[in-house]
Amino acid sequence: MANKQALRELQQRLAQRMQAAREQTRSASWLAVEVAGHAMLFSLKQAAEIFSPVPLKNVPYAQPWMLGVANLRGGLHTVVDLAAFLGAREPGTRLDASQSRFVAINSDLNINCALLVDRLLGLRSDEQLSPDPEGVETGARPRFAGARMKDEQGRSWQVLDLEALAKHEQFLRIVA
């Protein structure tokens, strides 16, 4: 019981910090998450609320990475397993439910969707990050794969442009 209360308090603190970060005049702030062992950054302008996983309603004939539909704070959201969509994990793989979360995409992007992430890693500011010259990849990359950044501890982060993801042809084709 104490663990659930601690997780709720952590979520509330993160939500408050996300709101405070949106209201500050910094050029950008980031929500740091882990997806199939990969460190990723979502812009706070593109990410919305964080939710604990809730029961999902299955959708017939959907892509394997589409987990279902969830009622999140009174709104219906499509829930996508981000790792499975990116090809980093087999669809249907069980996660640690105590750490996984749904991160809703900002409603300003005109898509009711939440992304399943393995765990939250907190917030990052631009001052904590710098471009990662070793992280530059050659070859074709999807438009939603933004720059690679490195933090003060040397960890490499992949920026994910949620607006570009929401407009990606495969992402929009949720139903097979």
Side-chain angles (χ1 to χ4, degrees), residues 11 14-15 17-19 21-22 24 26-53 62-68 70 72 77-91 93 95-96 99-174:
Q11 282 182 273
L14 277 174
R17 288 177 63 193
M18 284 176 64
Q19 185 61 34
R22 281 190 192 106
Q24 292 178 356
R26 291 184 196 169
S27 61
S29 291
W30 308 96
L31 174 63
V33 300
E34 188 173 285
V35 177
H38 301 282
M40 297 191 174
L41 297 170
F42 301 157
S43 166
L44 290 179
K45 294 177 182 173
Q46 296 176 342
E49 281 189 80
I50 299 167
F51 299 94
S52 293
Q63 297 288 344
W65 40 263
M66 189 219 171
L67 298 175
L72 302 176
H77 288 70
T78 301
V79 178
V80 171
D81 180 346
L82 183 57
F85 175 78
L86 296 174
R89 174 172 52 228
E90 285 295 318
T93 302
L95 296 176
D96 180 358
Q99 292 194 15
S100 61
R101 296 289 178 265
F102 295 159
V103 177
I105 295 177
N106 193 315
S107 61
D108 292 345
L109 301 179
N110 297 318
I111 187 167
N112 283 356
C113 183
L115 304 172
L116 173 68
V117 299
D118 296 358
R119 66 186 183 126
L120 301 174
L121 298 175
L123 298 174
R124 302 292 187 271
S125 68
D126 285 337
E127 293 80 24
Q128 295 173 298
L129 301 165
S130 60
D132 184 0
E134 297 172 13
V136 176
E137 296 178 25
T138 58
R141 290 171 35 107
R143 285 189 320 237
F144 58 81
R148 298 221 25 113
M149 307 295 278
K150 189 174 269 193
D151 64 17
E152 296 157 339
Q153 290 76 35
R155 186 168 187 182
S156 186
W157 297 84
Q158 175 65 58
V159 173
L160 209 67
D161 182 342
L162 298 181
E163 182 173 13
L165 177 68
K167 294 176 182 175
H168 190 269
E169 180 182 325
Q170 183 181 359
F171 195 81
L172 290 172
R173 198 173 344 126
I174 290 175

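Everything quoted here is computed from the prediction, not taken from an experiment.
Ring geometry for Phe85 versus Trp65: interplanar angle over 60°, hence perpendicular rather than tilted (30 to 60°).
Between Pro91 and Pro64 the shortest heavy-atom distance is CB-O, 3.5 Å. Closest of all the heavy-atom pairs between Trp157 and Val33 is CZ3-O, 4.0 Å. Shown here for Val80 and Cys113, the closest heavy-atom pair between the two residues is CG2-SG, 3.9 Å. The nearest pair of heavy atoms linking Lys45 to Asn106 is O-ND2, 3.1 Å. Residues Trp30 and Ser125 approach most closely at CD1-C, 4.4 Å, considering heavy atoms. The two residues Gly37 and Asp118 have their closest heavy-atom pair at N-OD2, 4.2 Å.
For the pair Val35 and Leu115, the minimum side-chain heavy-atom distance is 4.5 Å or more. Leu44 is listed as a side-chain neighbour of Leu123, based on a closest heavy-atom distance under 4.5 Å.
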**Asked** Are Leu82 and Phe42 close enough, and set up right, to give a side-chain contact (heavy atoms from CB on, under 4.5 Å), and what steps lead you there?
**Response** CA-CA 12 Å; Leu82 183 57; Phe42 301 157; 3.8 Å; yes
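Residue-environment remark: CZ (Arg143) stays at or below the threshold of 12 foreign heavy atoms within 6.0 Å. Environment of CD in Gln99: crowded, with over 12 heavy atoms of neighbouring residues, nucleotides or ligands closer than 6.0 Å. Sparse packing is recorded around CD of Glu169, with 12 or fewer heavy atoms of other residues, nucleotides or ligands lying under 6.0 Å away.
For the atom pair CG of Leu31 and CZ of Arg124, the computed distance is 9.5 Å after rounding to the nearest 0.5 Å. Atom CG of Leu86 is separated from atom CG of Leu165 by 7.5 Å, given to the nearest 0.5 angstrom. Interatomic distance, CG of Leu109 versus NZ of Lys167, reported as 7.5 Å (0.5 Å rounding). To the nearest 0.5 Å, atoms OG (Ser107) and CD (Glu49) are separated by 10.0 Å. Leu121 CG to Met40 CE: the interatomic distance, rounded to the nearest 0.5 Å, is 11.5 Å. Interatomic distance, Leu160 CG to Phe144 CZ, rounded to the nearest 0.5 Å: 6.5 Å.
Applying the side-chain contact (heavy atoms from CB on, under 4.5 Å) test between Leu41 and each of Arg148, Met149, Gln158 identifies Met149 as the sole match.
Salt-bridge formation is not detected for the pair Arg89/Glu34: no Lys NZ or Arg NE/NH1/NH2 atom is positioned less than 4.0 Å from an Asp or Glu carboxylate oxygen.
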